[in-house]
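This report refers to the structure that appears directly beneath it.
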Number of protein chains: 2
Amino acid sequence: MPQDSPMTAKPDRIRKGRKFDQVLEGARDIFLRDGFERASVDAIARAAGVSKATLYNYFPDKRLLFSEVLRRECDRQAGAALHEIDMAAPAETVLKSAARHIVSALLSEFNQAVFRICVAESDRFPNLGAAFYQSGPMRLRSEIAAFLREATRRGELSVEDETLAADQFAELCKADLYTRRVFRLDNGFAEDEIRRVIDGAVAVFLARYGTDRTRPPRLSPAAGP
Amino acid sequence: MPQDSPMTAKPDRIRKGRKFDQVLEGARDIFLRDGFERASVDAIARAAGVSKATLYNYFPDKRLLFSEVLRRECDRQAGAALHEIDMAAPAETVLKSAARHIVSALLSEFNQAVFRICVAESDRFPNLGAAFYQSGPMRLRSEIAAFLREATRRGELSVEDETLAADQFAELCKADLYTRRVFRLDNGFAEDEIRRVIDGAVAVFLARYGTDRTRPPRLSPAAGP
DNA sequence: CGGAAACTGAACCGCCCGGTCTAGGATGTC
DNA sequence: GACATCCTAGACCGGGCGGTTCAGTTTCCG
């Protein structure tokens with residue numbers, strides 16, 4: 001039973017107030033929508049369904065509220081990883097499904113919003129960039145690198161510099177799509193656009209890092225001329 | 001309807017004011033440093049060595065001044081292209097020197113600043129994203145694509161989808177470096193870090209798109225170099 | 001020289017913002 | 001009922017902002 005009765009014997013409860021989470025949620029909505037500068041504290045309080053006094057009861061100022069919100073969102077983002085992929089499947093299968101996960105995560109509304117804010121505010125909030133990097137790109141890279149190492153051990157791939165290869169793979173997944181999304185030229189992409197990029201990424205990657213077992217027969221236009 | 005270009009209209013030397021360029025320069029400095037929201041018009045006027053009244057004589061409001069500044073900076077950026085590269089050299093040479101140009105351009109202070117602003121303000125200034133995209137990534141891509149087409153004709157490469165391949169190459173050049181730069185984890189990179197990425201990018205690219213003439217002997221672990 | 005046009009500096013306006021404060025309303029515990 | 005705690009609505013403050021105005025100065029050019 002989800003009883004959140006605020007009286008659990010004594011004030012060993014650190015949680016400063018009943019509406020603490022509401023404040024964070026409202027702040028997240030407004031900050032992600034408007035950015036730090038344009039988000040007004042009044043708007044946040046309104047969105048949180050809370051009075052401004054209550055808000056300032058929890059957080060001493062706007063900056064700290066912002067930092068806390070972004071820190072949490074970075075953590076949240078870190079959860080959405082590639083864990084569910086069956087790393088024991090054939091390399092090409094793993095790469096393809098990883099690519100699909102990466103693409104859809106990168107293009108998601110949420111990731112875009114957090115990315116935008118982190119980029120824009122990274123000078124005023126120096127730790128922000130690092131937080132985002134570690135919660136997103138860095139985790140992704142180490143997961144991919146671990147897989148590459150394992151696949152190399154199995155003889156399916158031949159990767160010496162796993163971190164470089166992992167970065168390359170992630171970058172290949174961005175091709176075109178990400179840029180267009182970041183600059184708001186498109187907000188949705190057709191399935192065949194996505195497949196084109198994913199298949200292209202896997203093909204390029206395997207051409208370089210595949211072994212004889214996994215490298216596809218060269219589909220070069222050598223057939224052509 | 002507000003006139004956004006003081007140089008238009010009839011006479012030749014109408015130049016709405018002697019200090020027009022000063023204003024643009026000052027505005028560029030401040031906007032690129034502080035972004036749109038945090039840049040105050042007073043600061044811009046001060047940086048331009050001009051009174052606020054003069055500034056508002058040229059531009060009806062802050063938004064339009066901003067748009068004009070960014071439009072010019074995008075144009076300026078477009079100039080710094082790959083033209084000077086000798087496209088007739090062997091493919092690997094061309095790719096390597098192109099990669100070096102791309103990397104140094106991407107990591108430059110100027111490009112970072114413009115990128116940041118475009119990303120942050122792309123929703124409030126919808127045409128901004130497109131302007132940046134066309135002046136930067138898109139030009140780059142079409143130049144690379146043109147080279148790939150030519151190299152394929154020469155039989156040095158074997159590329160079917162030139163735009164995809166061009167995007168992939170540009171993405172490969174970003175690996176790791178760009179992310180770290182954008183999030184301000186580093187502001188300078190050692191020469192061997194850069195070379196590692198560039199060589200890696202070219203190797204991956206040639207493994208997929210090279211022909212027997214240009215594809216390097218596979219450096220797979222089985223076969224020694 | 002003389003007058004128009006460009007430019008200046010500063011004061012000024014209205015607005016909104018971050019942040020404070022107060023008087024009072026719920027709520028729950030003894 | 002009394003007390004304590006949390007919360008609320010909104011008035012309030014100082015300040016910075018974008019933008020305007022204006023009286024006076026500089027520059028340009030015939």
Side-chain angles (χ1 to χ4, degrees), chain A residues 3-27 29-31 33-70 120-121 124-125, chain B residues 2-27 30-31 33-70 120-121 124-125:
Chain A
Q3 161 149 350
D4 54 6
S5 86
M7 62 85 66
T8 318
K10 247 314 217 144
D12 74 314
R13 189 58 268 156
I14 294 189
R15 170 118 144 309
K16 269 289 185 49
R18 310 195 288 275
K19 312 210 165 177
F20 190 79
D21 294 349
Q22 282 183 41
V23 172
L24 281 173
E25 280 177 33
D29 291 350
I30 303 300
F31 276 136
R33 195 192 63 191
D34 295 344
F36 176 75
E37 213 69 48
R38 284 177 64 93
S40 83
V41 178
D42 295 78
I44 290 173
R46 211 178 312 125
V50 144
S51 83
K52 230 180 4 164
T54 303
L55 187 154
Y56 275 103
N57 223 351
Y58 296 148
F59 298 94
D61 63 16
K62 187 188 177 187
R63 283 183 59 95
L64 229 69
L65 173 57
F66 179 74
S67 293
E68 179 64 13
V69 165
L70 264 289
E121 310 293 347
R124 234 159 321 162
F125 297 85
Chain B
Q3 183 122 334
D4 57 8
S5 167
M7 332 276 277
T8 52
K10 0 57 182 230
D12 29 305
R13 82 184 280 317
I14 281 312
R15 182 124 180 289
K16 258 288 191 51
R18 313 190 285 276
K19 313 208 167 176
F20 190 79
D21 294 349
Q22 284 182 41
V23 171
L24 281 173
E25 280 176 34
I30 303 299
F31 277 136
R33 195 192 63 191
D34 294 345
F36 177 74
E37 214 70 46
R38 283 178 63 94
S40 83
V41 177
D42 295 79
I44 290 173
R46 210 178 311 126
V50 143
S51 83
K52 227 174 15 158
T54 302
L55 187 154
Y56 276 104
N57 223 350
Y58 297 149
F59 297 93
D61 62 18
K62 186 186 177 189
R63 283 182 58 97
L64 229 68
L65 172 57
F66 179 74
S67 293
E68 180 63 13
V69 166
L70 264 288
E121 310 293 347
R124 236 158 321 163
F125 297 84

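- Closest to the B:R18 side chain, of the nucleotides C:dG9, D:dT27, D:dA9, is D:dT27.
- Here the P atom of nucleotide C:dT20 and the CG atom of A:L55 are 11 Å apart, to the nearest Å.
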Any chance you could list the contact pattern along nucleotides 13-19 of chain D? Use B for base contacts, S for sugar-phosphate-only contacts and - for none, protein heavy atoms under 4.0 Å, 5' to 3'.
----SSB

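- Between A:R124 and A:E37, at least one side-chain N (NZ, or NE/NH1/NH2) sits under 4.0 Å from a carboxylate O, which counts as a salt bridge.
- By the 30° and 60° cut-offs, the orientation of the rings of A:Y58 relative to A:F20 is perpendicular.
- Atom CZ of A:F66 and atom P of C:dC17 are 17 Å apart (whole Å).
- In this structure the side chain of A:D29 never reaches within 4.5 angstrom of the side chain of A:I44, judged on heavy atoms.
- Between B:K19 and D:dT27 there is no side-chain polar atom (N or O) within less than 4.0 angstrom of OP1 or OP2.
- Checked against side-chain contact (heavy atoms from CB on, under 4.5 Å), B:R33 has the following partners two or more places apart in sequence or in another chain: B:I30.
- In this structure, B:Y56 and B:D61 approach most closely via the heavy-atom pair CE2-CA, 4.0 Å.
- Taking 4.0 angstrom as the limit, B:Y58 places a side-chain polar atom (N or O) nearer than this to OP1 or OP2 of C:dC7.
- Residue A:T54 has no polar side-chain atom (N or O) positioned under 4.0 Å from OP1 or OP2 of D:dC7.
- A:N57 has its CG atom 18 Å from the P atom of C:dG18, to the nearest Å.
- A:Q22 has its CD atom 9 Å from the P atom of D:dC7, to the nearest Å.
- For the pair A:R46 CZ and C:dC16 P, the interatomic distance rounds to 12 Å; values are reported in whole Å.
- For A:F59 and A:F66, the gap between ring centers reaches or exceeds 6.0 Å.
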